[in-house]
Asker: 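Have a look at this one.
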There are 2 protein chains.
Amino acid sequence: MPETHRLAGTRYGNRPTMKDVAARAGVGLKTVSRVVNGEPGVTPETERRVQEAIEALGFRRNDSARVLRKGRTASIGLVLEDLADPFYGPLSRAVEEVARAHGALLINGSSAEDPDREQELVLALCARRVDGLVVIPAGDDHRYLEPELKAGVATVFVDRPAGKIDADVVLSDSYGGARDGVAHLIAHGHRRIGFIGDMPRIHTAAERLRGYRAAMEDAGIAVEDAWMSLGATDPLRVRRAAEEMLSGPSPVTAIFAGNNRVTVTVIRVLAEQPRRVAFVGFDDIELADLLQPGVTVVAQDAAALGRTAAERLFRQLDGSLVVPERIELPTRLITRGSGELPPAD
Amino acid sequence: MPETHRLAGTRYGNRPTMKDVAARAGVGLKTVSRVVNGEPGVTPETERRVQEAIEALGFRRNDSARVLRKGRTASIGLVLEDLADPFYGPLSRAVEEVARAHGALLINGSSAEDPDREQELVLALCARRVDGLVVIPAGDDHRYLEPELKAGVATVFVDRPAGKIDADVVLSDSYGGARDGVAHLIAHGHRRIGFIGDMPRIHTAAERLRGYRAAMEDAGIAVEDAWMSLGATDPLRVRRAAEEMLSGPSPVTAIFAGNNRVTVTVIRVLAEQPRRVAFVGFDDIELADLLQPGVTVVAQDAAALGRTAAERLFRQLDGSLVVPERIELPTRLITRGSGELPPAD
DNA sequence: TAGAGCCTGGACAACGTTGTCAGAAGCGGG
DNA sequence: CCCGCTTCTGACAACGTTGTCCAGGCTCTA
């Protein structure tokens with residue numbers, strides 16, 4: 001009575017299993033398995049009968065059972081900060097493409113920059129036995145991953161290095177990029193340059209700050225505290241920070257922004273200013289070329305970050321990689337106008 | 001000999017199981033299960049011993065086995081068109097938040113607007129026994145999902161309706177939004193208005209085209225074929241289409257763009273034009289307010305689409321929803337300047 | 001002190017699949 | 001006509017977890 005399936009009544013219907021298919025096709029369980037997996041040694045006639053039964057019952061192999069038996073899940077996990085951030089979209093997509101090329105699915109989650117949530121997510125992924133992990137870390141202590149690494153879970157950190165463990169990491173050259181960006185402003189005559197960035201506990205933020213300081217020092221400029229705002233993340237605080245450094249006793253004539261979110265807010269503030277203030281931002285943003293003036297940025301290639309990380313991940317899984325490495329991708333200064341404005345004081 | 005674990009030598013190390021933990025803690029298998037799941041009936045002293053063993057071995061529960069036993073995976077699948085598209089980032093994030101609130105993980109994939117790839121992804125997700133699916137369909141025939149629906153896989157379609165099956169769907173009011181946007185241009189004196197949109201086989205594209213036609217008809221304007229470009233997706237073709245309708249025998253004085261990608265390209269083209277051409281785009285874009293002139297758009301709330309869909313999904317899983325419904329979310333016309341320019345001919 | 005009842009812990013089966021292995025059937029050659 | 005070989009098929013165990021059920025030890029009361 002095939003109807004019992006629908007009548008069984010549990011809200012979550014009983015799905016047909018290979019056993020059901022076998023019964024319907026009048027063959028053995030293993031034969032169904034063979035057909036489903038395209039293994040050789042099945043007569044065309046038998047295969048047809050099995051296919052028919054599969055079709056009729058709407059059978060789909062239960063991958064949980066398969067994974068349990070085989071050990072590999074053909075899925076990888078991606079933990080990032082915020083899927084909605086335009087910087088992570090292309091990165092995520094690049095990871096997905098590589099995963100797809102290797103027949104793997106992508107499970108992903110946003111840590112919202114919260115170390116606990118990061119750990120929770122990563123461990124949940126490990127419990128699902130993902131074959132590998134791509135992590136954009138929020139925290140700075142990843143020793144909780146030691147058992148996983150030992151167990152052979154491939155792991156690559158992206159955008160920021162892992163904390164207190166030895167693991168692969170793929171980064172953009174935040175320090176060099178920021179230094180070049182600030183040096184660019186200095187080369188155009190600026191000396192009072194503001195820096196607005198994220199909390200220095202975030203590696204990239206710290207590196208970009210370091211790049212800013214290095215460029216200033218190289219030029220022999222003493223940085224004033226009032227020129228730096230660290231940890232301003234939400235638009236309101238960024239706005240306030242920008243307005244303050246533009247109106248203090250020694251107002252800045254140029255601003256360097258530490259990431260894309262800061263950039264969009266600062267651009268808004270600058271658009272309201274009576275005088276032209278030079279600007280360079282870290283991360284490219286869409287339509288930057290169409291603004292007046294065009295926005296000069298230090299661009300990093302988010303897709304390349306994701307692709308590089310994912311490829312490394314699968315090379316770990318191949319067994320062709322053993323020693324963790326640190327890969328740093330270059331950034332690119334794109335001049336569009338805002339960074340080439342002269343000081344206006 | 002606990003060392004055998006490390007020595008075992010299979011590249012994919014043997015992970016400790018509950019059995020190993022039980023042996024080490026000197027308790028029964030089920031007791032470990034109880035501790036791991038926080039079930040009652042374990043002495044604090046026993047629990048401590050078990051926890052210690054878990055810690056020492058780096059044990060993580062194998063969720064594949066758990067799923068196999070329990071039937072639910074606590075994960076949902078999201079199939080969309082392109083994770084890298086800024087429209088889908090917030091949508092995806094919203095789905096994730098709702099999933100998280102329900103203790104579920106999110107698996108997602110991009111169909112790249114390819115129906116076969118959509119089906120492949122969806123079926124892979126079903127094989128993993130996701131509890132539910134949020135699908136932004138690429139194809140127009142979803143009968144392949146019938147067995148899944150029957151089996152109780154909660155399913156919600158977003159942004160575009162399902163094809164040939166009866167399922168929940170959450171949409172933006174593409175027709176109404178486009179009609180309003182075009183009517184807005186007409187109200188500002190335009191009569192020769194161009195439309196550049198995606199392939200009409202995509203539901204939203206067809207609806208927006210329908211809205212355009214409706215607005216034109218309402219105003220008694222006969223639409224010329226040269227004013228419409230359908231299926232131009234890549235920047236080059238969009239550019240060509242825009243340039244053609246701006247230079248023909250009866251050049252348009254305004255353009256309506258069918259989605260965000262078309263919008264950014266058209267804006268570039270218009271910026272190069274000697275005369276001012278009015279513009280309204282479907283979908284809001286970042287920094288639209290800072291361009292000269294500001295970009296008038298018909299905005300849809302991507303996060304709300306995702307949230308609504310996901311909430312409906314979990315209500316299906318609760319069992320509180322039975323009858324598929326079609327929910328249409330309103331759009332909002334945001335005037336910023338480009339849509340209020342008068343005709344310049 | 002015996003009996004009732006509770007609390008803790010463990011043995012065992014089951015979930016749906018795949019790997020192993022052995023049996024059955026078909027076929028050709030001696 | 002029988003043997004041996006190949007080709008196809010199926011029985012069975014195992015993967016790691018959880019649900020069921022029972023046993024043993026304890027406390028409490030009469």
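As a basis for the values below, the full set of heavy atoms in this structure was taken, side chains included, without hydrogen atoms, waters or symmetry mates.
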Asker: Shorter than 3.5 Å, N or O on both sides, protein versus nucleotides 22-28 of chain C: list them out with atom names.
Answerer:
none

Asker: Axis-to-axis angle across the helix from C:dT1-D:dA30 to C:dG30-D:dC1, five pairs an end, to 10 degrees?
Answerer: 60°
Asker: Has the side chain of B:Glu311 got a donor or acceptor atom that lies under 3.5 Å from a matching backbone atom of B:Val98?
Answerer: no
Asker: Output all residues satisfying salt bridge (Lys or Arg N to Asp or Glu O under 4.0 Å) with A:Asp168, sequence neighbours left out; order by chain, then residue number.
Answerer: A:Arg312
Asker: Of the options D:dT18, D:dT17, C:dT18, whose atoms approach the side-chain atoms of A:Lys70 most closely?
Answerer: C:dT18
Asker: I'd like a list of close polar pairs between nucleotides 7-11 of chain D and the protein, N/O only, cut-off under 3.5 Å.
Answerer:
from	atom 1	to	atom 2	distance (Å)
D:dC8	O3'	A:Thr43	OG1	2.9
D:dT9	OP1	A:Thr43	OG1	2.9
D:dT9	OP1	A:Thr46	OG1	2.3
D:dT9	OP2	A:Thr43	N	3.1
D:dT9	OP2	A:Thr43	OG1	3.4
D:dG10	OP1	A:Gly28	N	3.2
D:dG10	OP2	A:Gly28	N	2.5
D:dG10	OP2	A:Thr31	OG1	2.7
D:dG10	N7	A:Arg34	NH2	2.8
D:dG10	O6	A:Arg34	NH2	3.4

Asker: Which pairs count as side chain to side chain donor-acceptor pair (under 3.5 Å) when at least one residue sits in residues 50-60 of chain A, sequence neighbours excluded?
Answerer: A:Arg48-A:Glu52, A:Arg60-B:Glu148
Asker: Taking the nucleotide of DNA chain C with the nearest heavy atom to each, does B:Ala65 or A:Glu39 sit closer to the 5' end?
Answerer: B:Ala65
Asker: Find the distance A:Leu57:CG to C:dG16:P and express it as a whole number of Å.
Answerer: 14 Å
Asker: Could you tell me the separation between the NZ atom of A:Lys19 and the P atom of D:dA13, rounded to a whole number of Å?
Answerer: 14 Å
Asker: For B:Ala127, give me all partners under side-chain contact (heavy atoms from CB on, under 4.5 Å), at least two apart in sequence or on another chain.
Answerer: A:Asp63
Asker: By ring-ring contact (aromatic ring centres under 6.0 Å, His included), which residues pair with A:Phe157, not counting sequence neighbours?
Answerer: A:His142
Asker: Would you kindly give the CG-to-C1' distance between B:Asn62 and C:dG16, to the nearest whole Å?
Answerer: 14 Å
Asker: Nearest whole Å is fine: how far is C:dG16 P from A:Ile54 CD1?
Answerer: 16 Å
Asker: Does A:Arg49 have any salt bridge (Lys or Arg N to Asp or Glu O under 4.0 Å) partners at least two apart in sequence or in another chain, and if so, which?
Answerer: A:Glu45
Asker: Applying salt bridge (Lys or Arg N to Asp or Glu O under 4.0 Å), name anything that partners B:Asp166, two or more places apart in sequence or on another chain.
Answerer: none
Asker: Under 4.0 Å, heavy atoms only, any strand: does A:Asn37 hit a base, just the sugar-phosphate, or nothing?
Answerer: sugar-phosphate
Asker: Measure CG/A:Leu68 against P/C:dG19 and give the value in whole Å, please.
Answerer: 13 Å
Asker: Does B:Arg69 place a side-chain N or O at less than 4.0 Å from the phosphate oxygens OP1/OP2 of C:dA14?
Answerer: no
Asker: Without decimals, in angstroms, what is the distance between B:Met18 CE and D:dT18 C1'?
Answerer: 8 Å
Asker: Going from CG on B:Asn108 to CG on B:Leu78, what distance comes out if it is rounded to the nearest 0.5 angstrom?
Answerer: 5.0 Å
Asker: Please list, chain by chain and in numerical order, all residues satisfying side-chain contact (heavy atoms from CB on, under 4.5 Å) with A:Val21, sequence neighbours excluded.
Answerer: A:Val32, A:Val50, A:Ala53, A:Ile54, A:Leu57, A:Phe59
Asker: Expressed in angstrom and rounded to an integer, what is the separation of B:Arg61 atom CZ from C:dC15 atom P?
Answerer: 20 Å
Asker: What residues, two or more places apart in sequence or in another chain, satisfy ring-ring contact (aromatic ring centres under 6.0 Å, His included) together with B:Phe314?
Answerer: B:His102
Asker: Any chance the side chains of A:Thr73 and A:Asp131 put a donor and an acceptor closer than 3.5 Å?
Answerer: yes
Asker: Using atom CG of B:Asp20 as one end and atom P of D:dC15 as the other, report the distance to the nearest whole Å.
Answerer: 11 Å
Asker: side-chain contact (heavy atoms from CB on, under 4.5 Å) with B:Glu39: which residues, sequence neighbours excluded?
Answerer: B:Lys30, B:Arg34, B:Asn37
